[in-house]
Amino acid sequence: MIDPGHGGPDTGAIGPSHTYEKDNTLAISLVLNNILKQAGAKVILTRDTDICICPVTNYSETADLQARVDLANKYKPDLFICIHNDSFTNPDVQGTSTFYSKENPKENESIQLASSIESSLIDTIKTKNRGVKEARDYVLRYTSMPAILLETAFISNPYEEARLQNSTFRKNVASAIFHGIYNYYKNPLPKA
Ligand SMILES: [Zn+2]
């Protein structure tokens, strides 16, 4: 399952050139969807257009995140891949981070998947490696399968904001996530 962050009334972070995180996360997710399908995977997107997941009349950030978790726990995909852009008050800050949660029941698999995707991304898009980190994101804590959240690059940094708008960059991000998933399955964790 691919979860493009934000959507609809929730723009996510807004870059200095007034671009929206929600558009970047969707564009990357749609390319990743195509690559995974071509490789034979069954893919479910939490959204494939500019919408929030919960009914827009009852929109709240929590309701939207809960709706994403409900989809994951209903369809029980093998993996939950959540795509975001990072943002910070200091516009100089750049780079890529991948998050997992200690509270996810598949913590070890999530760490393995996060490491595999982070290293594939750094090799491909050559962003600053901010590492694999633990986080308390709602969608990571309450999903029942291995789950990661990718902060692709900083939309608050003008250079990375421009890269996030670039279709080749978006394709390279999607392809790097795909290779990260592929390597995760190629190098499974030792059985406990
Ligand atoms: Zn976000």
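What's counted below: heavy atoms across the whole structure, side chains too, no hydrogens, waters or symmetry copies. Each ligand, and each atom within it, is numbered from 1 in the order the structure gives.
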| said: Suppose you place the vertex at the Zn ion (ligand 1); what is the angle out to His6 NE2 and Glu21 OE2, to 10°? | reply: 100°

| said: Using a distance threshold of 2.8 Å, state whether an N, O or S atom of Glu151 lies below it from the Zn ion (ligand 1). | reply: no

| said: Between Lys22 and Asp10, does any NZ, NE, NH1 or NH2 come within less than 4.0 Å of an OD or OE carboxylate oxygen? | reply: no

| task | Report the relative orientation of the aromatic rings in Tyr138 and Tyr142; use parallel for angles under 30°, tilted for 30 to 60°, perpendicular for over 60°. | result | tilted

| query | Same hydrophobic cluster for Ile53 and Leu32, using side-chain heavy-atom links shorter than 4.5 Å among ILVMFWY? | reply | no

| request: Measure from the Zn ion (ligand 1) to every N/O/S atom of His84 and report the name of the nearest one. | output: ND1

| query | So, Arg141 and Asp137, do they make that salt bridge, N to O below 4.0 Å? | reply | no

